*Asks:* 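The structure under discussion is supplied below as structure tokens; questions concerning it will follow.
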Amino acid sequence: MSDSHQYQFQEIEAKWQQKWAENNLYSVSDNSEKPKYYVLDMFPYPSGAGLHVGHPLGYIASDIVARYKRLSGYNVLHPMGYDAFGLPAEQYAIQTGQHPAVTTEANIKRFREQLDKIGFSFDWNRQVKTCDPQYYKWTQWIFGLFFEHWYDKSQQKARPIKELTAHFEVHGNQNLNAHHNCKEIFSAETWNSLSGEAKEHLLNHFRLAFIDETTVNWCAELGTVLANEEVVNGVSERGGYPVVRKKMKQWSLRITAYADRLLEGLNRVDWTDSIKEIQRNWIGRSEGAEIDFQIQNHTQLVRVFTTRPDTLFGATYMVLAPETSYLLDICSPEQRDAVSKYAEIAKNKSEIERMADTQKTGVFTGAFAINPFTQEAIPVWTSDYVLAGYGTGAIMAVPAHDERDFEFATKFELPITAVIQPKDTAIELPLKEALSSKDGICFNSGFLNGLTVKEAINKAIEEVENRGIGTRKVNYKLREAGFGRQRYWGEPFPIVYNNGTPQLLDELPVELPKVESYKPTGTGESPLAALSEWVQHPKGKRETDTMPGWAGSSWYFLRYIDPNNENVFAGSKSLEYWKQVDLYVGGSEHATGHLLYSRFWTKFLHDLGYISWDEPFQKLVNQGMIMGEDGQKMSKRWGNVVNPDDVCAQYGADTLRLYEMFLGPLEDSKPWNTNGIEGVSRFLGKFWRLFYEGEQWAVTNEAPSPEELKILHKTIKKVSEDIPQMSFNTSVSAFMVCVNELTSLKCKKQAVLEPLLVLMAPFAPHISEELWSRLGHSDSIHTAVWPKYDEANLKEDSFSYPISINGKTRTQIAFATDADPKEIESAILENEIVLKWTEGKTPKKVIVVKNRIVNVVV
RNA sequence: GCUCGGGUGGCGGAAUAGGUAGACGCGCAGGACUUAAAAUCCUGUUCACAGUAAUGUGAGUACGGGUUCGAUUCCCGUCCCGAGCACCA
């Protein structure tokens, strides 16, 4: 390699990338006296398309932080890996006839080449791949833990199933505060007399990994079950075939047990408000009451959930979801046919169709319920605007104070009774819209009259509880997490069935068998079901579903901590050293998926004592998207993809890194601009030339002037403040200002340039390393020490005050920085420009803000 | 419809415990070096009006109000853009 006086980035970058790898520069040890820092990127799904310039945006940001932290004396864990199981690989396999393992491996290789060119400081010794049996062995093991635990609501933690069966043997399922979906009540005697099969059937309702009846998207034409993202507008994304909803038994994880803790934990993490808000909405906690209504001339009770028990006096009818099991039982003979027909149609409607129907529909059941507060008989209807899956699947309708009920009541001419007087508006009858505000006073409401909504809610619940017709109740929108996919390219379940009873396999990993065809079976089962030899296990019939894409990604951040451990998912010593992720960088599209599931798994593993913390990611930053130059999303389809390889070849990795940071705030979406990169490229050239005079290396040992020190320390201060705030665009401009100023001073002094190199090292690691070595260092710059700024160098003797008259700046006058405000005041009042503007009038007031501004009020 | 962000030059964007709006870069215009080009460097660049010019005056951070000596920053209202949720009782 030549020691050219020119900035030959291609040679320089290739040389250092190779040296860093040879020296294992970024490999990190778990044994260190230094404080730890764990900075993580969301690992990529290795698609066939490779990376475009939008992908590395977050990686560059986190790499800067990782390098900055290392220079600041931290032991930094900064790993990378691949989320390698998933649908696209499987689809690609079906299309091309190549095994997904083969295409995935090829894609990973390509990703790695692209990543390597950008000069990241990943510790590749810790790489994980979710499709690697040595990795998914532990994914299966954690699934097994979920299977073998239940949730104790009193202790607010997961406990072993053994402790649950011990309780059953003594008390049945009474005196138990478990999170479950068991509808039966049984005694110890009953439990003890049950067969193993029957016991298992009951236990399924308590296990944290359990078999649930869920609705799936079934596409008959494709002969397969589709994921939600594969269904667009009610038809399959591929082919456009009709998709229907079908009930199916599959594995689920009981995430709802953790709903409250998932909410509470959000208050303890440093995430954006928007992501926290999305998760809160998704969990959807609402407080209210469950209340039983009696049906006239019938023994059936209708239990409803309401958040507004204060409006009970205004409940003028009821609505049951069409799926309600006892719907036909309460119907009057005349109405039964109509109700049954309506329920049938509603059941076959897809979610999309239901949403598309903005008009309310419904049928009267012929039954009447008694409003427990007014004692009036109110009609019971059925309508699909009441969702079977939420609350009790039945509501008391208060049309005066609920928009949906109002719409329905208006359409079917049901009575509307107002019971809340809104705070500032008079009620005009008949109502033109529902008065849904919670700001008001009860009237027409018996014992609730005169109370505020908030007071009345509590009083009504107390009354309902006293009468024994209801209880206080909290509901969640959050659903159990479906955990089965009828696909090939995923983790097999470590489960076999014996007479339908699931049993955990303990020889892990259960390896994914090779198959001839990954095509759908046509029956809706996974392609694994066609492998009759594999399915027959000595202990029973294997589960043929595989785990969803999010299984492996729900805990990968723990495996990086101890990636090669063969005895446990990660050793406790290493876990205790690295603990939770300090900084996590990735896209916001994972708000309700990966980020929620990871929190759930972390809390579960915490309950079991494997880890001491219960939130996986302390700080979360969502990088924005980089759009194409046309302002559209970067994609093959628009032909606007910019490949980082090309940018590296033309301008170098350091320019790419700097430019991506310079584009704007990390979190914002912004368009790529090919012209703009020239400016950054020029800047690096100018930076390089700071060390040269023509073709001659020109760095001197002269002592720096105060002015030069000021420039340097100003930059140290700015960059040291910017990096922790992830404000990288302003750091880059600070570097530009610094280099511009040093260039005009012709400063070639090592005492100034050397610290500047260290400041630049996290942003532009190659050029900094090269110049550092040309300064004569044999150690890597990336093991140097971050410079500290000295306030003494930033001191100014004088400040040029902007002088404004009535708030408008008219001139500037310099005063000593320690000048007395009174001196300044009398001095400026004699200034000719000030005199010109005051026009001889006496100023009413003169405001002097020290070292900021002077304002003269006339 | 509801919730959360956000509207600053031709463009990407700086500056908010209220204190010189437009840093830095792109683009554009002019110039230096060169036979020429590339590279590099220098000067100017919010808008309008006046002036040959230095410069001066006025307006200006989506729009309309308010608080303040002073508002891009704080408060109220309106409009627009983006993201999320969407019959969740």
Side-chain angles (χ1 to χ4, degrees), chain A residues 6 272-286 288 304-309 311 315 318-319 321 354-355 357-360 383-398 401-405 407-408 436 475-479 588-589 591-592 622 624-625 658-659 662-665 667-683 685-686 689 727 729-740 743-744 800-812 843-858:
Chain A
Q6 282 170 331
T272 62
D273 289 340
S274 112
I275 294 275
K276 289 204 254 190
E277 204 51 34
I278 290 171
Q279 290 211 346
R280 286 193 190 106
N281 284 339
W282 189 260
I283 295 166
R285 182 181 202 272
S286 48
V304 303
F305 174 70
T306 178
T307 56
R308 296 292 304 273
T311 60
M318 304 190 76
V319 187
R354 270 204 190 190
M355 284 201 295
D357 290 337
T358 46
Q359 280 288 316
K360 296 261 184 298
S383 167
D384 63 5
Y385 88 88
V386 171
L387 306 175
Y390 183 77
T392 60
I395 61 157
M396 60 174 216
V398 186
H401 304 290
D402 181 283
E403 281 160 42
R404 298 148 301 181
D405 297 344
E407 205 186 311
F408 191 83
S436 49
N475 250 314
Y476 301 90
K477 281 201 258 181
L478 185 69
R479 294 284 89 102
S588 56
E589 66 272 20
T592 55
N622 302 116
M625 220 167 2
L658 235 32
Y659 183 57
F662 187 59
L663 273 175
E667 296 89 340
D668 291 3
S669 284
K670 53 239 158 187
W672 183 264
N673 177 341
T674 299
N675 286 328
I677 200 167
E678 301 273 357
V680 171
S681 171
R682 277 200 278 266
F683 158 70
K686 205 168 172 184
R689 285 193 301 277
S727 176
N729 54 331
T730 51
S731 291
V732 177
S733 51
F735 287 134
M736 288 172 169
V737 171
C738 177
V739 168
N740 286 345
T743 300
S744 47
S800 178
Y801 281 83
I803 312 297
S804 49
I805 320 291
N806 287 335
K808 287 203 166 57
T809 308
R810 296 302 180 183
T811 187
Q812 298 200 0
K844 279 187 200 155
K845 206 181 200 181
V846 178
I847 289 137
V848 179
V849 183
K850 207 168 181 186
N851 294 327
R852 282 267 184 195
I853 199 168
V854 176
N855 192 12
V856 181
V857 187
V858 187

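Model, not experiment: these values are computed from the prediction. We name chains A, B, ... by the order of the sequence lines, and we start the count at 1 in each one.
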*Asks:* Within the distance-only criterion (no hydrogens, no angle test), does the side chain of A:Arg479 pair as donor or acceptor with the backbone N or O of A:Gly389 below 3.5 angstrom?
*Replies:* yes
*Asks:* Any side-chain N or O of A:Tyr385 under 4.0 Å from OP1/OP2 of B:A89?
*Replies:* no
*Asks:* Categorize A:Ser286 for me: base, sugar-phosphate, or nothing, with a 4.0 angstrom heavy-atom threshold over every strand shown.
*Replies:* sugar-phosphate
*Asks:* In terms of side-chain heavy atoms of A:Ile853, which of B:G19, B:A89, B:G13 is nearest?
*Replies:* B:G19
*Asks:* Atom CZ of A:Arg682 and atom CE of A:Met736: how far apart are they, to the nearest 0.5 Å?
*Replies:* 10.0 Å
*Asks:* Give one of base, sugar-phosphate or nothing for A:Ile395, where a contact means two heavy atoms less than 4.0 Å apart.
*Replies:* base
*Asks:* Choose from B:G19, B:A23, B:G13 the nucleotide whose nearest atom is closest to any side-chain atom of A:Asn729.
*Replies:* B:G13
*Asks:* Please classify the nucleic acid contact of A:Arg810 as base, sugar-phosphate, or nothing, using heavy-atom distances under 4.0 Å.
*Replies:* sugar-phosphate
*Asks:* Using a 3.5 Å distance criterion without hydrogens, assess whether the side chain of A:Asp668 forms a donor-acceptor pair with backbone atoms of A:Lys670.
*Replies:* no
*Asks:* Looking at every strand, decide which applies to A:Asn806 at a 4.0 Å heavy-atom threshold: base, sugar-phosphate, or nothing.
*Replies:* nothing
*Asks:* B:G9: syn or anti, with syn meaning chi within 90° of zero?
*Replies:* syn
*Asks:* Is the centre of the A:Tyr659 ring less than 6.0 Å from the centre of the A:Trp672 ring?
*Replies:* yes
*Asks:* Whole-Å distance between B:G84 C1' and A:Met625 CE?
*Replies:* 14 Å
*Asks:* Check every atom of B:G27, B:C85, B:C24 against the side chain of A:Arg682 and return the nucleotide holding the closest atom.
*Replies:* B:G27
*Asks:* Nearest to the side chain of A:Thr307 - B:C85, B:G13, B:A89?
*Replies:* B:A89
*Asks:* Find the partner of B:G51: check Watson-Crick (N1-N3 plus N6-O4 or O6-N4) and G-U wobble (N1-O2, O6-N3) distances, both under 3.5 Å, and reply none if neither fits.
*Replies:* none
*Asks:* OP1, OP2 of B:G19 versus side-chain N and O of A:Asn851: anything below 4.0 Å?
*Replies:* no
*Asks:* Where do A:Gln812 and A:Ser800 land on the side chain to side chain contact (heavy atoms under 4.5 Å, CB included) test, with the steps shown first?
*Replies:* CA-CA 6 Å; A:Gln812 298 200 0; A:Ser800 178; 2.9 Å; yes
*Asks:* Could you tell me the separation between the NZ atom of A:Lys808 and the P atom of B:A59, rounded to a whole number of Å?
*Replies:* 5 Å
*Asks:* Please report the distance, rounded to the nearest Å, between NZ in A:Lys276 and C1' in B:C85.
*Replies:* 19 Å
*Asks:* Looking only at the side chain of A:Asn855 (C-beta and beyond, no hydrogens), which of the listed nucleotides B:C24, B:C26, B:C69 gets closest?
*Replies:* B:C69
*Asks:* Is B:A14 paired to anything, Watson-Crick or G-U wobble with both distances less than 3.5 Å, and if yes, which nucleotide?
*Replies:* none
*Asks:* Taking the same atom, C1', in B:G9 and in B:A21, what whole-Å distance lies between them?
*Replies:* 11 Å
*Asks:* Do A:Ser727 and A:Thr730 meet the criterion of a side-chain donor-acceptor pair at a distance under 3.5 Å?
*Replies:* yes
*Asks:* Return the nucleotide paired to B:C85: Watson-Crick means purine N1 to pyrimidine N3 with N6-O4 or O6-N4, wobble means G-U with N1-O2 and O6-N3, both under 3.5 Å.
*Replies:* B:G1
*Asks:* Return the nearest nucleotide to the side chain of A:Val386; candidates are B:A89, B:U20, B:G12.
*Replies:* B:A89
*Asks:* Taking the side chain of A:Phe305 as heavy atoms from C-beta outward, which of B:U20, B:A89, B:C41 is closest to it?
*Replies:* B:A89
*Asks:* Starting from the 5' end of RNA chain B, give me the residue, A:Lys686 or A:Ile677, whose nearest nucleotide shows up first.
*Replies:* A:Ile677
*Asks:* Nearest-Å distance, CG (A:Leu387) to C1' (B:A89)?
*Replies:* 9 Å
*Asks:* Who does B:U43 pair with, Watson-Crick or G-U, both distances under 3.5 Å?
*Replies:* B:A29
*Asks:* Expressed in angstrom and rounded to an integer, what is the separation of A:Asn675 atom CG from B:C26 atom P?
*Replies:* 10 Å
*Asks:* Mind checking A:Glu403 for me? I need base, sugar-phosphate or nothing, with any heavy atom below 4.0 Å counting as a touch.
*Replies:* nothing
*Asks:* Should B:U72 form a Watson-Crick or G-U wobble pair with both distances under 3.5 Å, which nucleotide is its partner?
*Replies:* none
*Asks:* In the strands shown, is B:G22 matched to any nucleotide by a Watson-Crick or G-U wobble pair with both distances under 3.5 Å, and which?
*Replies:* none
*Asks:* Tell me if the side-chain of A:Lys844 makes a donor-acceptor pair with the base of B:C69, cut-off 3.5 Å, by modelled atom types.
*Replies:* no
*Asks:* Atom CG of A:Asn673 and atom P of B:G10: how far apart are they, to the nearest Å?
*Replies:* 17 Å
*Asks:* Using the side-chain heavy atoms of A:Lys845, tell me which of these nucleotides is nearest: B:G27, B:C69, B:A89.
*Replies:* B:C69
*Asks:* Hunt down the Watson-Crick or G-U wobble partner of B:U61, both distances under 3.5 Å, from any strand shown, or write none.
*Replies:* none
*Asks:* Of the candidate nucleotides B:U20, B:A89, B:C24, which contains the atom at the shortest distance from the side chain of A:Met736?
*Replies:* B:C24
*Asks:* Mark yes or no: A:Lys360 above the aromatic ring of A:Tyr385, with NZ or CZ under 6.0 Å from the six-membered ring centre and no more than 45 degrees from the axis.
*Replies:* yes
*Asks:* May I ask you to check whether A:Tyr390 and A:Ser286 show a side-chain donor-acceptor distance below 3.5 Å?
*Replies:* yes
*Asks:* Nearest of B:A89, B:G84, B:C41 to any side-chain atom of A:Ile278?
*Replies:* B:G84
*Asks:* Taking donor-acceptor contacts at under 3.5 Å, does the side chain of A:Glu277 reach the base of B:U3?
*Replies:* no
*Asks:* If you assign each of A:Ala734 and A:Ser681 to its closest nucleotide in RNA chain B, which residue comes earlier from the 5' end?
*Replies:* A:Ala734
*Asks:* Contact class for A:Val737 (heavy atom, under 4.0 Å): base, sugar-phosphate, or nothing?
*Replies:* sugar-phosphate
*Asks:* In whole Å, what is the span from the CZ atom of A:Phe662 to the P atom of B:A23?
*Replies:* 11 Å
*Asks:* Rounded off to whole Å, could you give me the NZ-to-P distance for the A:Lys360 and B:A89 pair?
*Replies:* 14 Å
*Asks:* Does A:Asp405 reach a base, just sugar-phosphate, or nothing at all? Heavy atoms under 4.0 Å.
*Replies:* nothing
